[in-house]
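Here's the structure, in structure tokens; my notes come after.
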Amino acid sequence: MATQTTSPTEKSRGAFSSRKVFIFAAIGSAVGLGNIWRFPYVAYENGGGAFMIPYLVALLTAGIPFLFLDYALGHRFRGSAPLSFARLRRGAEGLGWWQVGICFLIAVYYAAVIAWALRYTFFSIDKAWGSDPNGYFFGDFLQAGDPGVTVDVVPGVLIPLILVWLVLIVVLVLGVQKGIGATAAIFIPILILAFGALVVRSLFLPGAAEGLNALFTPNWGALNEPGVWVAAFGQIFFSLSIGFGIMITYASYVDRDTDMVGSGLVVGFANSGFELLAGIGVFAALGFMAQASGVAVGDVAESGIGLAFVAFPAIISEAPAGALIGVLFFGSLVIAGLTSLISVIEVVVSAVRDKFELTRVTATLVVSIPATVISLVLFATTSGVYVLDIVDHFINQFGILLVAVVSMFVVAWVLRATPLLADHLNLTASVPIGLWWRALVMVITPLALAVVLVDAFRTDVQDAYEGYPGWMLGVFGWGGAAAVIVFGFLAAMIPWARSNALEDPGYPLPSGRHVQKGEQA
Amino acid sequence: MSGAAIAMMLVAMLVIWGGLVAAIINLNRGSAGEVTHDAGKHRDL
């Protein structure tokens with residue numbers, strides 16, 4: 001029988017009531033907008049059915065091993081990202097705050113996309129976009145002009161965006177179990193049912209088979225192209241919510257006896273399982289659209305905002321029972337986005353709580369009020385879509401990816417912490433972690449991510465992203481990515497409110513003995 | 001759908017969803033003693 005090993009100090013931070021709730025929350029974080037609108041197109045563009053091979057290689061050699069690393073850090077050191085890094089080595093705290101800065105920046109724009117999806121869930125009922133979904137989205141709905149920055153508020157975005165932030169604040173104030181855990185435990189099953197229903201409906205549309213044919217027909221020659229492997233590692237990395245503090249934070253809320261390796265395998269495969277489901281649903285619907293328009297599937301295939309807010313409305317307008325498809329699709333986007341957004345902003349709330357010894361309510365308000373204001377000022381205006389596109393691109397490439405590579409390098413090579421973390425995982429692991437894991441997280445994963453990073457850097461230096469003005473890319477792109485680094489290292493200089501905050505929490509064994517840092521279990 | 005497309009779709013489903021089922025079975029098999037504690041007893045404020 002396992003023993004209760006969570007200390008009173010840890011309980012005061014909040015905790016998930018069971019492993020199942022933690023797994024739901026972790027899946028809710030990993031399954032986000034990218035699973036639905038990014039994976040299908042990336043797979044289609046990079047070899048179709050053949051893409052599954054590099055994708056699975058990336059999942060097993062980089063995604064899941066990196067997930068274990070995040071889990072080990074949070075679960076072993078029982079803290080938010082900055083606290084876990086600081087407990088590992090005082091000088092590493094800045095890495096955690098860098099991740100916190102990234103999460104703050106992501107939260108302020110991610111909320112806007114959820115607000116759009118929320119509006120479109122209702123627009124689907126009467127197909128408000130009429131016969132021109134593209135013109136409606138950018139013109140009537142977002143009122144987007146030329147790229148630039150304006151303060152002209154768009155009420156149609158402002159109101160749902162306020163609503164999203166209110167929901168978020170309520171969930172965060174309710175705490176780890178009653179807020180985050182309960183939301184995930186309720187909404188993840190609903191998401192699977194809703195998206196499953198969407199997939200079934202899409203599969204019965206005329207032309208669905210052609211869409212699946214386009215997605216799964218293997219182009220074996222693509223496997224010889226390095227870019228296809230880069231795309232596979234990038235997709236796995238971006239979709240698993242790894243490397244920027246989320247999984248460290250969530251793992252710190254899990255009981256010490258929990259099998260983190262077994263849980264990680266479930267989360268990793270569940271995330272990919274949902275992506276595959278999304279690929280089938282999206283391409284079945286695109287096959288219908290192509291047939292209805294008399295064009296090839298490749299002519300209607302899109303990703304991101306274009307897929308969700310332009311291509312799908314067109315499908316909804318044409319398809320039988322289109323309103324149902326629309327409600328299921330945009331409702332799924334709202335749920336997937338919201339559970340991910342909760343995890344992103346919790347990284348910030350948790351860090352602020354740990355550092356300043358604040359109550360959950362105070363920390364939530366300290367974080368959420370400025371985030372809401374920035375979110376409304378930047379993204380509820382007529383220039384919101386452009387700023388969002390730039391921030392999203394640069395913070396993903398030169399925020400998340402860069403901090404992941406740097407923190408992996410520091411943990412594995414500078415601090416040489418992988419033996420300690422492997423020992424920790426093995427205390428409860430159903431699948432033992434061996435030298436293979438250390439080899440993957442010390443060499444294969446950072447190397448693969450560094451290649452993805454260099455490729456992205458070369459592309460963005462050579463060509464101005466999407467042709468945006470240089471000053472916008474400088475301020476919101478490169479500037480945003482640089483600002484979170486500066487923030488990280490400045491925040492690390494602030495002293496901790498509790499004098500013994502950085503003490504190693506150790507790890508109690510069933511015998512009652514504690515394992516301390518540097519000691520073998 | 002072409003035979004190759006059907007085969008790749010089935011392989012992807014088998015590996016990914018099969019992997020998920022195997023991961024869940026593995027986790028449940030090793031969890032006979034998992035403790036579910038009362039989160040309401042946590043001071044989460």
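Chain identifiers are assigned alphabetically (A, B, ...) following the order of the sequence lines, protein sequences preceding nucleic acid strands; residue numbering begins at 1 within each chain.
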What pairs with A:N46 under side-chain hydrogen bond (donor to acceptor under 3.5 Å, both in side chains), at least two apart in sequence or on another chain?
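side-chain hydrogen bond (donor to acceptor under 3.5 Å, both in side chains) list for A:N46, sorted by chain: empty.
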
I'd like to check the side-chain hydrogen bond (donor to acceptor under 3.5 Å, both in side chains) partners of A:D354; sequence neighbours left out, ordered by chain and number.
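Here the qualifying residues are A:R13, A:S80.
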
Let me confirm one number: the CG-OG distance from B:N28 to A:S430, rounded to the nearest 0.5 Å.
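Atom-to-atom, B:N28:CG and A:S430:OG are 10.0 Å apart.
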
Please assess A:R19 against B:L27 for the test side chain to side chain contact (heavy atoms under 4.5 Å, CB included), listing each intermediate value before the final yes or no.
CA-CA 10 Å; A:R19 184 187 62 205; B:L27 191 61; 3.6 Å; yes

Could you check which of B:S2, B:A23, B:A5 has the highest count of heavy-atom pairs closer than 4.5 Å to chain A?
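If we count pairs closer than 4.5 Å to chain A, B:A5 comes out on top.
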
Check: residues 263-279 of chain A side-chain donor-acceptor pairs under 3.5 Å, at least two apart:
residue	atom	partner	partner atom	Å
A:S263	OG	A:D259	O	2.6
A:N271	OD1	A:N35	ND2	2.7
A:N271	ND2	A:S239	OG	2.9
A:S272	OG	A:Y55	OH	2.9
A:E275	OE1	A:Y55	OH	2.3
A:E275	OE2	A:Q235	NE2	2.6
A:E275	OE2	A:S239	OG	3.2

So which of A:A363, A:G211, A:A209 has the biggest tally of heavy-atom pairs under 4.5 Å with chain B?
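Most pairs with chain B among the choices: A:A209.
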
Which atoms of A:I280 come close to chain B, meaning under 4.5 Å heavy atom to heavy atom: side chain ones, backbone ones, both, or neither?
side chain

Is chain B contacted by the side chain of A:L56, its backbone, both, or neither, given a heavy-atom distance below 4.5 Å?
side chain

Closest non-hydrogen atom pair, B:M8 against A:G49:
CE-O, 3.0 Å

Atom CZ of residue position A:F204 - does it have more than 12 heavy atoms of other residues, nucleotides or ligands inside 6.0 Å?
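It does not: A:F204 CZ has 12 such atoms or fewer within range.
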
Step by step, work out the side chain to side chain contact (heavy atoms under 4.5 Å, CB included) result for B:M9 and A:L212.
CA-CA 8 Å; B:M9 186 171 81; A:L212 296 181; 4.2 Å; yes

Residues of residues 213-221 of chain A contacting chain B, heavy-atom criterion under 4.5 Å, by residue number:
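Heavy-atom contacts from residues 213-221 of chain A to chain B are A:N213, A:F216, A:T217, A:P218, A:W220.
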
